[in-house]
Amino acid sequence: MDNQIKNLTEILECPNLQTLFLGRNDLKVIMDDFFNFMPMLRVLDLSHNMKLEELPVGIAKLVSLEHLNLSFTGIRKLPVELKTLAKLKYLNLEWTPYLEMIPQQLISSFSKLQVLKMEGCSYGCLLVLEEMEHLKYFNVLTISFRSASELERASRFNKSFSCAIEAVSLVNFRHSRSLTIMALGNLQHLCTLTLSRCMDLEKVKIERNIIKGVGCFHSLRSVILDECNHLRDVSWVTLAPHLEVLRITECNGLEEIISEEKHSEVTELKGNSNLFSKLEILCLHNLAKLKTIYHHALPFPQLKKIRIVKCGMLKNLPLNSNSTKGQRLVIEGEEGWWKNVEWKDESTRIAFLPSFKPYVI
């Protein structure tokens with residue numbers, strides 16, 4: 001790993017080799033015969049090689065392979081020869097932006113497959129979901145959707161959709177002004193949710209029956225929003241009682257994180273919401289119109305870090321002198337912004353003065 005290896009053109013006889021990490025090199029070419037004499041290889045990691053556009057057909061010789069990581073590569077298609085990998089349990093295709101072709105019935109041929117990671121993969125997710133319905137041991141999926149209709153259609157695949165998905169990215173949504181939270185709220189094991197470059201998205205609808213649902217977003221731990229310029233608030237995150245990380249970047253229309261009115265609606269239907277009671281990290285970057293995180297001070301019993309960068313209109317933080325009692329909080333930001341923060345009272349200002357750390361780009 002990290003050795004600037006460009007070409008693998010020598011045949012290696014490694015009859016007992018079980019693990020091979022080749023990540024973070026400059027790989028361009030792997031010769032067809034390279035894997036001929038590695039019959040015991042179980043783990044192969046080729047990740048972070050964006051110049052690698054093609055897998056050798058000789059990869060079919062790896063009949064013992066259980067774990068294949070192709071994330072962050074330039075792979076354009078998966079060879080049909082991969083069907084010989086009958087023992088494969090883990091396949092990572094995350095952030096493969098050029099992957100255009102996966103042969104039909106390839107995924108379903110991996111009868112022992114347990115984990116499939118496709119977040120940020122350019123290949124159409126619906127075709128893959130169809131094949132996964134019949135995989136007996138399958139239990140973990142990460143995936144990306146590019147339209148509200150694609151997300152809605154995918155929700156019909158009951159087994160693979162509701163039971164297995166751990167991470168979802170909504171990327172490059174076009175012609176979708178609103179998003180219904182229903183499909184996402186039903187995902188029982190959703191841990192990470194990313195909304196990126198959803199340029200037309202104006203609001204996320206929260207249905208009353210979802211609010212009342214006991215398990216809605218119960219497992220959600222991390223939310224990332226990036227370049228969603230028409231969103232005015234992200235009040236729907238109040239539905240995630242165990243949220244630990246919230247990162248929001250370059251959402252130019254965002255005016256507040258939590259709307260007091262919408263939060264009141266959730267609290268009225270659901271009871272005590274314990275807003276941000278598990279939050280550990282809050283990062284806000286390049287939010288030109290952001291004025292408010294929340295209108296009142298909140299308790300943050302788990303909060304470890306706040307980072308606020310290029311949010312010039314944000315003058316108030318939802319903190320008072322009791323907000324983080326017993327916690328060692330770090331607040332990162334520009335010194336000019338820090339000097340202009342308007343505190344609830346003098347005791348709050350004094351309490352958080354030691355927390356500040358200048359942010360260095």
Side-chain angles (χ1 to χ4, degrees), residues 119 166-167 169 190-196 217-228 231 233-252 254-259 263 273-361:
E119 187 178 7
E166 288 192 354
S169 286
L190 182 64
C191 185
T192 302
L193 176 60
T194 301
L195 276 70
S196 181
F217 287 136
H218 194 74
S219 59
L220 189 60
R221 298 293 190 270
S222 177
V223 171
I224 300 161
L225 292 98
D226 175 44
E227 294 184 53
C228 299
L231 281 178
D233 67 84
V234 290
S235 301
W236 53 271
V237 300
T238 62
L239 295 174
H242 302 292
L243 190 68
E244 296 173 0
V245 178
L246 179 58
R247 302 180 189 273
I248 307 178
T249 306
E250 295 186 31
C251 296
N252 295 331
L254 200 68
E255 297 174 357
E256 55 187 347
I257 304 298
I258 307 298
S259 157
H263 179 54
S273 67
N274 294 321
L275 180 59
F276 292 147
S277 62
K278 303 287 186 181
L279 195 68
E280 297 181 9
I281 296 172
L282 174 63
C283 293
L284 306 172
H285 283 236
N286 295 357
L287 306 175
K289 293 184 179 179
L290 183 66
K291 295 178 182 177
T292 308
I293 294 173
Y294 187 62
H295 288 277
H296 305 290
L298 294 167
F300 290 98
Q302 307 293 331
L303 195 60
K304 296 174 182 176
K305 182 168 81 172
I306 297 176
R307 178 183 290 167
I308 297 174
V309 179
K310 295 184 180 178
C311 301
M313 296 183 75
L314 182 63
K315 305 294 184 187
N316 296 292
L317 299 176
L319 302 171
N320 61 26
S321 54
N322 296 313
S323 289
T324 60
K325 275 201 166 176
Q327 281 294 110
R328 296 184 66 179
L329 176 65
V330 174
I331 303 176
E332 294 183 352
E334 300 127 314
E335 294 199 49
W337 166 80
W338 180 249
K339 288 174 184 175
N340 291 321
V341 171
E342 298 171 2
W343 299 98
K344 302 288 182 190
D345 49 49
E346 184 62 15
S347 62
T348 303
R349 188 185 74 84
I350 291 170
F352 289 102
L353 272 179
S355 299
F356 181 68
K357 179 183 176 182
Y359 177 74
V360 181
I361 298 175

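Predicted, not measured: the structure shown is a model, and the values here were computed from it.
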Polar side-chain atom of Ser355 near backbone of Ile331 as donor-acceptor pair, under 3.5 Å: no
Separation of Asp345 CG from Ser321 OG (nearest 0.5 Å): 6.0 Å
Non-hydrogen atoms of Gln327 and Pro301 that approach each other most closely: CG-O, 3.1 Å
Close side-chain approach of Ile257 to Leu246, heavy-atom, < 4.5 Å: yes
Backbone of Pro354 reached by a side-chain donor or acceptor of Lys357 within 3.5 Å: no
Atom pair OG/OH of Ser259 and Tyr294 - distance to nearest 0.5 Å: 8.5 Å
Pairwise side-chain contact, Phe352 with Thr324, heavy-atom cut-off 4.5 Å (strictly under): yes
Contact check, side chains of Met313 and Glu255, non-hydrogen atoms, under 4.5 Å: no
Glu335 (side chain) donor-acceptor with Pro358 (main chain) under 3.5 angstrom: no
Side-chain donor or acceptor of Trp337 paired with backbone N/O of Leu314 under 3.5 Å: yes
Rounded distance [0.5 Å steps], CG in Leu329 versus CD1 in Ile306: 5.0 Å
Check: Ser196 and Glu227 side chains under 4.5 Å, non-hydrogen atoms: no
Non-hydrogen atoms of Leu195 and Cys228 that approach each other most closely: O-SG, 3.6 Å
Ile258 backbone acceptor or donor facing Ser235 side chain under 3.5 Å: no
Ser323 to Pro318 - nearest heavy-atom pair and separation: OG-O, 4.0 Å
Side-chain heavy atoms of Leu317 within contact of Ile308, under 4.5 Å: yes
More than 12 heavy atoms from other groups under 6.0 Å of NZ on Lys278: no
Approximate separation, where rounding is to 0.5 Å, of Ile248 CD1 and Leu290 CG: 7.5 Å
Working for side chain to side chain contact (heavy atoms under 4.5 Å, CB included), residues His285 and Arg247: CA-CA 8 Å; His285 283 236; Arg247 302 180 189 273; over 6 Å; no
From CG (Leu231) to CG (Asp233), nearest 0.5 Å: 7.5 Å
Residue pair His263 / Thr238: nearest heavy atoms and the distance that separates them: ND1-CG2, 3.7 Å
Heavy-atom pair of closest approach, residues Leu225 and Trp236: CD2-CZ2, 4.3 Å
Smallest separation among heavy atoms of Phe356 and Glu332, with atom names: CE1-C, 4.5 Å
From Asn320 atom CG to Lys344 atom NZ, the distance as rounded to the nearest 0.5 Å: 8.0 Å
Asn340 side chain reached by Lys315 side chain, heavy atoms, under 4.5 Å: yes
Any side-chain heavy-atom pair of Arg221 and His242 under 4.5 Å: yes
Arg307 side chain near Tyr359 side chain, heavy-atom distance below 4.5 Å: yes
